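Counting starts at 1 for both ligands and their atoms, following the listed order. Keep in mind that what you see is a predicted model, and the values were worked out from it rather than measured.
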Amino acid sequence: MNQPRPPRIVVVGSTMMDLVAYADRVPGAGETVVGSSFQVGFGGKGANQAIMARLLGAEVSMVCCVGTDGYGTETLANFADRGIDTTWARRAPGTSGVAPIWVEASGQNRIIILPGANLAMDPEVAVAAVCDGPPPGVVAGQFEVPQSVTAAAFGAARQRGAITVLNPAPAAPLAPALAAAADWLIPNEVELAAVASQDAGGAMPSDGPLTDGLPGDELLRSVAHRAGCRLLVTLGEAGSALVTTSGDVLRIAAPVVDAVDTTGAGDAFVGGFIWALAGGRSETDAVHIATTVAADSVTRPGTQLSFAAPEDYELLLADL
Ligand code: RIB
């Protein structure tokens with residue numbers, strides 16, 4: 001886990017309280033099924049990515065907005081317990097973000113988010129956070145808070161020489177101002193399709209959506225070209241695909257594991273990737289690290305609850 005430099009990261013993003021129901025299968029329309037267990041845990045894509053980067057050893061500042069309810073208080077306490085800087089966390093009247101989640105026996109999840117206070121984030125606070133202290137190595141954002149906030153933060157990040165990493169999740173049209181300020185785009189397959197069809201005016205581009213069930217090289221290359229930034233697509237158990245600076249597509253396999261809950265695996269991946277990039281690792285090293293921590297996370301239930309302890313990551317990443 002040696003890093004060429006100590007990673008400093010600013011995450012501009014969401015927090016949610018995850019309400020997770022586990023069942024052998026999810027109900028169909030109008031149906032009730034009996035579940036097997038239930039778990040409440042800290043979630044939200046931004047928070048999950050911040051926590052993973054912190055568990056790996058980064059100094060992390062979290063820019064977020066929670067509600068004035070008990071979930072908001074607990075969320076801020078969780079960040080403090082984990083050693084995450086909450087100088088730029090704010091509270092807004094009303095409810096914090098919540099996410100009811102269903103997980104079936106295969107580990108596959110279905111998530112509804114109710115963003116609540118996440119939508120009250122202030123772009124000026126995000127800019128101030130990025131401009132505070134030593135320059136961050138990476139500023140990361142997602143789509144669970146207003147894109148205008150992330151775009152403002154990324155603009156400031158560019159001025160400070162930080163790498164900007166956008167996880168466009170959940171799938172939504174990408175605002176041009178945000179696309180212009182992003183160095184890296186890390187979608188999953190669903191989010192990639194949204195970005196690709198947006199580029200093509202609402203239809204999948206003619207260079208073909210899928211090869212053997214996975215996005216083909218031509219599609220990946222054309223999305224990267226049109227987005228004007230680096231593209232790294234997460235593909236679940238099929239690993240990930242990286243479009244290199246020369247336009248080649250590098251496919252990185254994921255280790256075979258027994259998945260019990262895939263919730264938060266994409267966030268573990270992004271958290272691992274930004275930790276490695278901010279620490280000065282090569283992008284291929286960063287993808288391998290991201291793949292390893294994401295695969296590990298699906299072997300345990302929960303979102304942040306499925307992440308390992310810092311000492312476990314020392315062992316897991318000892319050879320990387
Ligand atoms: O990516 C998983 C996360 O998505 C969950 O923690 C949930 O809160 C939603 O934000």
Side-chain angles (χ1 to χ4, degrees), residues 11-22 26 38-55 62-67 69 71-72 74-76 78-79 82 84 89 95-104 107-121 140-147 149-150 165-172 185-192 194 232-237 240 259-274 290-291 293-307:
V11 176
V12 179
S14 58
T15 73
M16 307 277 168
M17 195 59 82
D18 288 353
L19 315 172
V20 193
Y22 296 87
V26 297
F38 176 72
Q39 200 177 57
V40 179
F42 298 107
K45 297 181 195 301
N48 299 341
Q49 293 167 21
I51 293 282
M52 175 54 76
R54 177 65 190 149
L55 288 168
M62 184 72 201
V63 187
C64 62
C65 186
V66 301
D69 52 1
Y71 284 162
E74 290 173 42
T75 296
L76 296 181
N78 179 48
F79 287 137
R82 307 291 195 132
I84 288 180
T95 56
S96 297
V98 291
I101 300 175
W102 292 349
V103 181
E104 58 193 11
Q108 188 55 261
N109 64 59
R110 285 174 174 72
I111 303 176
I112 295 176
I113 61 161
L114 299 117
N118 288 293
L119 299 181
M121 281 182 67
Q142 318 75 31
F143 271 3
E144 290 180 334
V145 304
Q147 290 190 35
V149 175
T150 314
V165 176
L166 180 64
N167 171 221
L185 201 59
I186 310 184
N188 67 13
E189 285 170 88
V190 174
E191 295 140 11
L192 174 75
L232 171 60
V233 182
T234 58
L235 301 168
E237 61 189 356
S240 61
V260 300
D261 185 352
T262 55
T263 314
D267 300 328
F269 185 99
V270 174
F273 185 76
I274 59 179
T291 305
V293 298
D296 177 68
S297 77
V298 307
T299 63
R300 290 176 291 274
T303 314
Q304 290 175 31
L305 287 168
S306 73
F307 296 173

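Expressed to the nearest 0.5 Å, how far CG of Leu185 lies from CD of Glu191 amounts to 9.0 Å.
No donor-acceptor distance shorter than 3.5 angstrom exists from the side chain of Asp18 to the backbone of Gly41, with no hydrogens or angles considered. Checking side-chain atoms of Thr262 against main-chain N and O of Gly107 turns up a donor-acceptor pair under 3.5 Å. Listed for the Asn118 side chain is a donor-acceptor partner under 3.5 Å among the backbone atoms of Thr15.
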Derivation and outcome, side chain to side chain donor-acceptor pair (under 3.5 Å), residues Asp267 and Gln142: CA-CA 10 Å; Asp267 300 328; Gln142 318 75 31; over 6 Å; no
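Evaluated for a side-chain hydrogen bond (donor to acceptor under 3.5 Å, both in side chains) with Asn167, the options Lys45, Glu144, Gln49 yield exactly one hit, Gln49.
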Hey, what polar pairs (N/O, under 3.5 Å) does ligand 1 make with protein?
{"residue": "ligand 1", "atom": "1 (O)", "partner": "Lys45", "partner atom": "NZ", "Å": "2.9"}
{"residue": "ligand 1", "atom": "1 (O)", "partner": "Asp267", "partner atom": "OD2", "Å": "2.7"}
{"residue": "ligand 1", "atom": "4 (O)", "partner": "Lys45", "partner atom": "NZ", "Å": "3.0"}
{"residue": "ligand 1", "atom": "6 (O)", "partner": "Asp18", "partner atom": "OD1", "Å": "3.3"}
{"residue": "ligand 1", "atom": "6 (O)", "partner": "Asp18", "partner atom": "OD2", "Å": "2.6"}
{"residue": "ligand 1", "atom": "6 (O)", "partner": "Gly44", "partner atom": "N", "Å": "3.0"}
{"residue": "ligand 1", "atom": "6 (O)", "partner": "Asn48", "partner atom": "ND2", "Å": "3.0"}
{"residue": "ligand 1", "atom": "8 (O)", "partner": "Asp18", "partner atom": "OD1", "Å": "2.5"}
{"residue": "ligand 1", "atom": "8 (O)", "partner": "Gly44", "partner atom": "N", "Å": "3.0"}
{"residue": "ligand 1", "atom": "10 (O)", "partner": "Lys45", "partner atom": "N", "Å": "3.4"}
{"residue": "ligand 1", "atom": "10 (O)", "partner": "Glu144", "partner atom": "OE1", "Å": "3.1"}
{"residue": "ligand 1", "atom": "10 (O)", "partner": "Glu144", "partner atom": "OE2", "Å": "2.7"}

